[in-house]
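Below: one structure, written as structure tokens.
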Amino acid sequence: MSRNIQGKTHQFKLVLLGESAVGKSSLVMRFVKDHFDEYRESTIGAAFLAQTIALDDNTVVKFEIWDTAGQERYKSLAPMYYRGANCAVVVYDITQASSLEKAKSWVDELQRQAEPDIIIALCGNKTDLESRRVVETETARSYAEENGLLFMETSAKSAHNVTELFTMIAKRMPLDQQTELTRGGGRRLNIRNGIDLDQSSSSDSCACKLILIH
Ligand code: GTP
Ligand code: MG
């Protein structure tokens, strides 16, 4: 979608973290392209996409999304992607108990090492596999509440709660002058200490960049 003419666009860096195969890339694909792949390949390094959400007639939130690779061998790269992030989605798979434990360790790391005011959402994905559920909603919700996290269960496959997840986060972001895009499309001051994404995010449509690691 394009920038609203009269209203304001606020831009934020969002990072997705979580064990491999929990559905991070699938959630992003559903959110950005409204598409789902039954056989999606594991992410290499990280992928970058951008998407906007209109909160109302006057306010658009633009997310610059870093979809990280969950495989263990890429773990050391994660700080590069969460550094300067305004918000994070930590994903687990409701059919894999170990993935919630992994999500908790990402939350610990973010709370220790990311920006102090980062907004973190815990996301239990694959609700379409209800018959195989092993992580109860209330268990995860209590953990989220105790740790000051937003919480939502989703299905990238059925699209359940995917837009709602990103909208919930957008509504929690600080919509002030510092996060506002200027008329020329630049930021006043937004991405903190991070990689300058201007080159890759100049278009309002989805931009995609793959970082290949050897
Ligand atoms: P890495 O890139 O390795 O970190 O994995 P990822 O977290 O990005 O997972 P990905 O999106 O690649 O999804 C892994 C597998 O789970 C794929 O086969 C997807 O089709 C499947 N998947 C993702 N989301 C869902 C969902 O909501 N329901 C179901 N049934 N399958 C899903
Ligand atoms: Mg992936």
Side-chain angles (χ1 to χ4, degrees), residues 11-33 35-37 39-51 62-94 96 98-126 140 144 147 149-152 154-157 162 165-166 168-170 173 190-197 199-201 206-214:
Q11 181 168 284
F12 300 98
K13 177 180 176 183
L14 183 152
V15 63
L16 282 106
L17 295 162
E19 195 169 77
S20 183
V22 295
K24 299 179 295 299
S25 301
S26 301
L27 284 165
V28 175
M29 276 312 187
R30 175 61 78 188
F31 175 50
V32 174
K33 297 193 170 175
H35 174 77
F36 177 77
D37 274 334
Y39 302 102
R40 168 160 295 282
E41 288 193 8
S42 195
T43 304
I44 298 167
F48 174 76
L49 298 95
Q51 178 63 305
K62 178 174 181 182
F63 284 125
E64 297 188 312
I65 303 170
W66 286 96
D67 168 25
T68 66
Q71 287 180 40
E72 211 43 43
R73 63 183 144 142
Y74 299 115
K75 187 170 187 323
S76 62
L77 299 177
M80 214 161 72
Y81 299 110
Y82 65 65
R83 189 174 304 134
N86 305 98
C87 43
V89 179
V90 180
V91 185
Y92 67 94
D93 172 350
I94 65 156
Q96 299 289 338
S98 64
S99 70
L100 178 60
E101 294 314 306
K102 183 73 195 171
K104 289 179 181 176
S105 78
W106 278 121
V107 169
D108 286 349
E109 182 167 335
L110 288 171
Q111 290 183 331
R112 274 184 286 110
Q113 299 195 50
E115 298 295 326
D117 58 352
I118 190 170
I119 302 286
I120 306 174
L122 180 68
C123 169
N125 190 39
K126 308 198 185 182
N147 288 276
L149 318 175
L150 301 174
F151 174 70
M152 192 152 289
T154 58
S155 167
K157 183 171 181 171
V162 177
L165 167 71
F166 290 95
M168 171 178 73
I169 298 166
M173 302 315 295
N190 180 35
I191 305 297
R192 298 162 301 195
N193 320 321
I195 311 143
D196 187 345
L197 301 174
Q199 291 301 316
S200 42
S201 61
C206 153
C208 194
K209 186 164 74 180
L210 196 66
I211 309 297
L212 289 170
I213 308 299
H214 298 283

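Just so we're clear, the structure is a prediction, and the values are computed from it rather than from any experiment.
The two residues Ala88 and Ile118 have their closest heavy-atom pair at CB-CD1, 4.0 Å. In this structure, Gln111 and Asn147 approach most closely via the heavy-atom pair NE2-O, 3.1 Å. Of all heavy-atom pairs between Lys24 and Leu17, the closest is CD-C, 3.5 Å. What you find for Cys87 and Phe63 is that their closest heavy atoms are SG-CE2, 3.8 Å. Of all heavy-atom pairs between Tyr82 and Trp106, the closest is CE2-CZ3, 4.4 Å. Residues Ala50 and Lys62 come closest through the heavy atom pair CB-CE, 4.2 Å.
Met173 has its side chain out of reach of Leu14: every pair of non-hydrogen atoms, C-beta onward, lies at least 4.5 Å apart. Contact check for Met29 versus Asp67: no side-chain heavy atoms found under the 4.5 Å cut-off. Between Ile119 and Phe12, the closest side-chain pair of non-hydrogen atoms is not below 4.5 Å. Looking only at side-chain heavy atoms (C-beta outward), Pro79 and Glu109 come within less than 4.5 Å of each other. Contact check for Tyr74 versus Ile44: side-chain heavy atoms found under the 4.5 Å cut-off.
Classified by interplanar angle (parallel below 30°, tilted 30° to 60°, perpendicular above 60°), the ring pair Phe151/Tyr92 is parallel.
Partner Ser25 forms a side chain to side chain donor-acceptor pair (under 3.5 Å) with one of Thr43, Thr68, Asp37 and no other, that one being Thr43. In summary, of the residues considered (Val89, Leu150, Val22), a side chain to side chain contact (heavy atoms under 4.5 Å, CB included) with Cys123 occurs for Val89 alone.
Within the model, atoms CZ of Arg83 and CD of Glu115 stand 10.0 Å from one another, a figure rounded to the nearest 0.5 Å. Distance CG/Leu122 to CG/Leu149: 6.0 Å, rounded to 0.5 Å. In this structure, the separation between CG on Asp117 and CG on Asn86 is 7.5 Å, given to the nearest 0.5 Å.
The side-chain hydrogen bond (donor to acceptor under 3.5 Å, both in side chains) test applied to Thr154 returns Asn125, not counting sequence neighbours. Legend: residues meeting side-chain hydrogen bond (donor to acceptor under 3.5 Å, both in side chains) with Asp93, ordered by chain and number and at least two apart, are Thr95, Lys126. Applying the side-chain hydrogen bond (donor to acceptor under 3.5 Å, both in side chains) test to Gln71 and every residue at least two apart in sequence or in another chain returns Ser42, Arg73.
Of the possible donor and acceptor atoms, none in the side chain of Gln96 sits under 3.5 Å from a partner among the backbone N and O of Glu19. Checked by atom type and distance alone, the side chain of Lys13 never pairs as donor or acceptor with a backbone atom of Trp66 at under 3.5 Å.
Ion pairing between a basic and an acidic side chain is recognised when a charged N comes within 4.0 Å of a carboxylate O; Glu72 and Lys75 show no such pairing.
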Worksheet item: Can you list the steps and then say if Ile65 with Phe31 is a side-chain contact (heavy atoms from CB on, under 4.5 Å)?
Response: CA-CA 11 Å; Ile65 303 170; Phe31 175 50; 3.9 Å; yes
